[in-house]
Amino acid sequence: MRNSRDDGPAALLRLVATGQAESRAELARLSGLAASSVSLRVEQLLDAGLFAEEGAGASRGGRRPRRLRLARQAGVFLVADLGAHHARLAVADLAGTPLALSDLTCDIAVGPEKTLTDVIDALRALARAHGFGDVPVRGAGIGLPGPVDPATGQVVSPSRMPGWNDFPVREFVTAQAGVPALVENDANLMAVGEHRHSRPACDNLMVIKLGSGIGCGVIVDGRLHRGRGAAGDISHVRILSEATVDCSCGHPDCLEAHASGAALIAALAEQGIAVDHPAQIVDLVADGVPQATSAVRTAGRLIGDVLTALVNFFNPDALIIGGSLSNAEPLVATVRGVIYERCLPLATRNLEIDTSAAGRDASILGAGHLLLEASDGWIGRALDR
C-alpha cells in the first residue's frame with residue numbers, strides 16, 4: 001500500500017529533483033496517482049514557482065509531453081562539511097548536486113558559536129559570488145566530526161571539539177541561517193552520499209571515514225542507521241597494542257588513539273617528521289618515505305582488525321573507505337588484506353571493499369539528499385503563499 005504521505009506535491013517535486021521523472025505521465029506511473037491528481041499537484045507546483053515546463057520530452061507514442069524541471073526560484077541548499085581544521089562548503093540544488101564549492105580554513109576547537117557563524121557567513125558569500133544571492137535558501141546542512149543526537153541536533157561527548165558538548169547546533173544554525181537545519185555526523189552524511197550517488201543498489205553498506213579522526217556510517221536496508229546517535233562510532237573501540245596510548249575520550253588504546261590521522265601525525269612527529277594534515281601523510285607515502293608507509297600500514301592492520309568483527313556481524317554488500325587517508329594505497333590494501341584473511345568466507349564472498357566513488361564531496365551529496373527528504377515543510381509553505 002502506498003503511504004499517503006508519499007503522494008503529495010512534495011513527493012512529486014522529489015521525483016523531478018532527483019531526475020526520476022520529467023513528465024506528468026512519468027510522475028503518474030512512479031507515484032501511482034491518477035493522471036488527474038498528478039496534473040492538479042503539478043499545477044500547484046507551477047503556480048508556486050517551484051516547477052517550470054519547457055521543451056518537449058521523449059514520446060512514447062502520441063504527442064510529445066512537455067518536460068518538467070525545477071524552476072530556478074525553487075531554491076538551493078547551503079551545506080558545510082566540517083573537519084578539525086577546515087570546512088568544505090557548497091551551494092547545492094534541491095537534488096543535492098553542488099552548484100558552487102569552496103574550502104574554508106577554520107579551527108573547530110575555537111568553539112561552536114564562532115565556527116558556525118563563520119561557516120554560515122561564508123556559505124552566504126559563496127551563494128552571492130556564484131549568482132545565487134536572489135535564490136531562496138530552503139535548508140542548511142551541517143556535517144560534524146562527532147556524535148550527533150538525532151532527536152535534538154546536539155553534539156554529544158565529542159573528541160577534540162572543546163565547547164561543543166550538548167551545544168544546540170541545529171537550533172543555532174536555524175536561527176543564524178533563517179531556514180530549517182539538518183545536523184548530522186560527517187561519516188553518516190558520507191554514507192548517504194556514497195549510497196545514493198554511487199551505489200544505490202547496495203542495500204547494506206558500511207562507509208569508513210579516515211581523516212584526522214575515524215568514523216563509520218551504516219546503511220541498513222537502504223536507509224541510514226543512526227541508532228540513538230552513536231551508531232557506527234568505531235573510533236573508541238579498544239584495540240590490542242604493545243604501547244598504551246590514552247585517547248581523548250579518557251580511555252586507553254582506542255582505535256582513534258592509534259590509527260587516526262591525528263595519531264599518525266603525532267607518531268611521525270616523534271620521529272622528527274613534521275606533518276600538519278593527514279593529506280600530507282598521503283604525500284609522504286607517495287614519495288616513498290618509509291616511516292610514513294610503515295605508519296599507515298600499522299594503522300591499516302588495526303583498522304582491519306576492528307572491521308573484521310563488524311563485517312562478520314553486519315555482513316554488508318560493500319565496505320567503502322573515504323576521507324583524506326583513503327588515498328594512501330598501502331593503508332587501504334592492508335585493511336582489505338586483513339578483512340579477507342580473517343573474516344568468514346561467507347561474509348567476504350561477495351563483499352566489495354573499495355575507496356569512495358563520490359570522493360571528498362560525498363558528505364555534501366548526503367546532506368543534500370537528507371535535506372530533500374525533509375522538504376515537506378517548506379514546500380507546503382511555498383504552496384500556501
Side-chain angles (χ1 to χ4, degrees), residues 8-22 41-55 66-82 87-106 114-143 169-184 189 193 197 361 363-385:
L12 302 190
L13 184 142
R14 286 191 283 268
L15 288 171
V16 171
T18 55
Q20 298 177 70
E22 64 171 19
R41 287 161 173 75
V42 167
E43 290 301 324
Q44 290 178 303
L45 291 163
L46 288 166
D47 291 342
L50 301 179
F51 271 1
E53 248 179 341
E54 62 180 18
R66 297 273 289 172
R67 188 167 61 242
L68 292 169
R69 62 169 178 81
L70 291 182
R72 183 176 184 274
Q73 289 299 314
V76 294
F77 296 134
L78 302 181
V79 181
D81 178 23
L82 274 65
R88 182 72 164 163
L89 309 179
V91 178
D93 67 17
L94 298 186
T97 303
L99 302 172
L101 290 161
S102 70
D103 291 290
L104 175 70
T105 299
C106 61
K114 177 170 175 49
T115 300
L116 293 171
T117 298
D118 289 348
V119 164
I120 293 166
D121 288 346
L123 283 168
R124 288 190 177 120
L126 179 65
R128 290 193 299 270
H130 285 81
F132 298 105
D134 63 335
V135 178
V137 175
R138 300 301 188 179
I142 304 291
V169 178
R170 186 164 62 204
E171 291 181 13
F172 185 87
V173 173
T174 297
Q176 290 288 311
V179 293
L182 165 79
V183 180
E184 186 58 85
L189 292 182
H197 182 264
D361 293 327
S363 294
I364 298 289
L365 294 166
H369 282 294
L370 293 179
L371 283 166
L372 181 61
E373 287 181 357
S375 60
D376 296 64
W378 66 259
I379 292 175
R381 289 190 293 272
L383 294 175
D384 290 339
R385 289 176 183 168

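Numbers here are sequence positions counted from 1.
- In this structure, T174 and V179 have side chains that are not in contact, with every pair of non-hydrogen atoms separated by 4.5 Å or more.
- Here the straight-line distance linking atom CG of L101 with atom CG of D81 works out to 11.0 Å at 0.5 Å rounding.
- Nearest heavy atom pair, residue P180 against residue R381, reads CG-NH2, 4.0 Å.
- Here the straight-line distance linking atom CD1 of I120 with atom CZ of F172 works out to 6.0 Å at 0.5 Å rounding.
- Nearest heavy-atom pair, A367 versus L182, reported as atom, atom and distance to 0.1 Å: O-CD2, 3.8 Å.
- One distance of note links CG of L13 with CH2 of W378; it measures 5.5 Å at 0.5 Å rounding.
- For P9 against L45, the heavy-atom pair with the smallest separation is O-CD1, 3.7 Å.
- The closest side-chain heavy-atom distance from V137 to F77 is not below 4.5 Å.
- Contact record, A140 with V173: CB-CG1, 4.1 Å, taken as the closest heavy-atom pair.
- In this structure, D134 and Q73 have side chains that are in contact, with non-hydrogen atoms separated by less than 4.5 Å.
- Here the side chains of D118 and C106 are not in contact, with every heavy-atom distance at 4.5 Å or above.
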Practice prompt. Show your working on side chain to side chain contact (heavy atoms under 4.5 Å, CB included) between L78 and V91 and close with a plain yes or no.
Written response: CA-CA 5 Å; L78 302 181; V91 178; 3.9 Å; yes

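- In this structure, the separation between CG on L46 and CZ on R66 is 9.5 Å, given to the nearest 0.5 Å.
- Between S363 and L189, the shortest heavy-atom contact is O-CB, 3.6 Å.
- Counting only heavy atoms from C-beta outward, the side chains of L99 and H130 never approach each other to under 4.5 Å.
- Considering only heavy atoms from C-beta on, V79 comes within 4.5 Å of L371 through its side chain.
- A donor-acceptor distance shorter than 3.5 angstrom exists from the side chain of R138 to the backbone of A74, with no hydrogens or angles considered.
- Annotation: the span from L89 atom CG to L123 atom CG amounts to 5.0 Å, rounded to 0.5 Å.
- In this structure, CG in L383 is found 9.5 Å from CG in D47, a value given to the nearest 0.5 Å.
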Check step by step if side chain to side chain contact (heavy atoms under 4.5 Å, CB included) holds for R88 and I364.
CA-CA 8 Å; R88 182 72 164 163; I364 298 289; 4.2 Å; yes

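- Judged by distance alone, the side chains of S375 and R14 do bring a donor and an acceptor atom under 3.5 Å apart.
- The two residues L82 and A80 have their closest heavy-atom pair at CD1-CB, 3.7 Å.
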